[in-house]
A.B. asks: 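Sending over a structure as structure tokens; questions will come in a sec.
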Amino acid sequence: MPELPEVETTRRGVEPHVLGRQILSLTVRQANLRWPVAPELPDLLAGQQILKARRRAKYLLLDAEHHTLMIHLGMSGSLRIMPVTSPPLFHDHVDIVLDDGNCLRYNDPRRFGSMHLLTSDDHPLLNHLGPEPLSSDFDGAWLYDRARGRRAPVKQFLMDGQVVVGVGNIYANEALFMAGIHPARAAGRISLQRFVRLADAVKVLLSAAIEQGGTTLRDFVGSDGQPGYFAQQLNVYGRAGLACRQCTRTLRELRQSNRSSVYCPGCQR
DNA sequence: ATGCTAACCTGCGCGC
DNA sequence: TGCGCGCAGGTTAGCA
């Protein structure tokens with residue numbers, strides 16, 4: 001489910017409900033996520049007030065007084081604010097119980113998500129991440145520099161978290177279409193000018209998706225339970241075999257690193 | 001250093 | 001109706 005816009009939508013939805021709240025306790029019903037939830041995590045976090053809700057890449061970072069709770073939603077995770085009394089449903093793995101009768105409830109069918117407790121942002125999972133796509137650190141020149149000598153297809157290059165964070169399969173496909181770049185082209189063989197178009201496309205797409213509450217595919221819901229509205233604007237993702245909206249040629253599909261890429265053979269070179 | 005593969009899981013849609 | 005298969009928004013470890 002979640003790419004960066006979904007995580008940011010979740011952060012914005014959750015923030016007003018958790019800021020200033022004290023964490024009374026945590027209920028862990030299923031600790032086997034992508035990495036096991038540390039058994040001592042609930043006791044360490046209980047009693048602390050939540051001071052800030054940040055995002056880094058696709059990680060949601062809840063800063064408390066002495067620790068930061070780092071949450072990843074994986075492929076199928078979601079967070080909802082709800083009364084702690086409402087009965088947990090299937091795959092509701094963790095409740096972060098707040099002091100106002102509500103809880104932040106983590107649901108994740110596939111359990112590819114994770115929860116870690118940090119004492120600083122110096123963590124192996126955060127240390128080697130590339131720039132935020134919507135920051136000024138990320139632009140065409142950055143992509144061009146990082147692509148020197150890289151023979152990997154640009155699609156994989158763009159999805160590499162050490163190059164830039166937050167660009168998942170959907171937006172990688174869409175950005176390459178918007179920039180007119182074939183997903184299989186070697187990253188090191190793309191001009192600065194074309195990388196400028198690609199970086200701009202990433203920024204435009206992610207910004208628009210955040211504005212509209214993320215992309216809804218199957219089961220995504222934001223923290224207030226409302227679906228996003230960006231899905232209807234996808235030009236290539238999920239449209240293999242259909243006509244390109246720009247040139248009417250049939251969109252093709254190929255698999256790269258076991259992920260599907262959809263592109264227009266006319267518009268993308 | 002780069003790049004490829006398998007791995008972690010469940011659910012859903014499709015063809016038979 | 002049921003079953004097996006392939007595929008799905010992510011990311012890491014391990015190995016060539």
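Just so it is clear, the values below take in all heavy atoms, side chains as well, and ignore hydrogens, waters and symmetry mates. Order of the sequence lines fixes the chain letters, A, B, ..., with proteins taken first and strands second; residue numbering starts at 1 for each chain.
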A.B. asks: Ignoring backbone atoms, establish whether A:Arg255 has a side-chain N or O less than 4.0 Å from OP1 or OP2 of C:dA8.
C.D. replies: yes

A.B. asks: Quick one: does any side-chain atom of A:Ser257 pair with a main-chain N or O of A:Arg259 as donor and acceptor, under 3.5 Å?
C.D. replies: no

A.B. asks: Looking at the side chain of A:Gln156, which of C:dA8, C:dG9, B:dC4 is the nearest nucleotide?
C.D. replies: B:dC4

A.B. asks: Tell me which nucleotide among C:dT12, B:dG11, C:dG9 gets nearest to the side chain of A:Asn169.
C.D. replies: C:dG9

A.B. asks: Salt bridge or not for A:Arg54 and A:Asp121, using N-O below 4.0 Å?
C.D. replies: yes

A.B. asks: Is A:Leu33 touching bases, backbone alone, or none of the nucleic acid, heavy atoms closer than 4.0 Å?
C.D. replies: nothing

A.B. asks: For B:dC9 and C:dC3, measure between their P atoms and round to the nearest Å.
C.D. replies: 24 Å

A.B. asks: Is there a side-chain contact between A:Tyr237 and the phosphate of C:dA8, meaning an N or O under 4.0 Å from OP1 or OP2?
C.D. replies: no

A.B. asks: Compare the minimum distances between each of B:dG11, B:dC9, B:dA7 and the side chain of A:Arg34, then state the nucleotide with the smallest one.
C.D. replies: B:dA7

A.B. asks: Salt bridge or not between A:Glu132 and A:Arg55? Use side-chain N to carboxylate O under 4.0 Å.
C.D. replies: yes

A.B. asks: Do the ring planes of A:Phe195 and A:Tyr144 sit parallel (below 30°), tilted (30 to 60°) or perpendicular (above 60°)?
C.D. replies: perpendicular

A.B. asks: Could you check how far NZ of A:Lys155 sits from C1' of B:dG3, rounded to whole Å?
C.D. replies: 15 Å

A.B. asks: For the base of C:dT11 and the side-chain ring of A:Phe112, does the geometry meet a stacking cutoff of under 5.5 Å between centres and under 30° between planes?
C.D. replies: no

A.B. asks: Measure the distance from NE2 on A:His116 to C1' on C:dG10 and round it to the nearest whole Å.
C.D. replies: 14 Å

A.B. asks: Please determine if a side-chain N or O atom of A:Arg259 lies less than 4.0 Å away from the OP1 or OP2 oxygen of C:dC7.
C.D. replies: no

A.B. asks: Looking at every strand, decide which applies to A:Phe90 at a 4.0 Å heavy-atom threshold: base, sugar-phosphate, or nothing.
C.D. replies: sugar-phosphate

A.B. asks: Does A:Ser260 make a side-chain N or O approach to OP1 or OP2 of C:dA8 shorter than 4.0 Å?
C.D. replies: yes

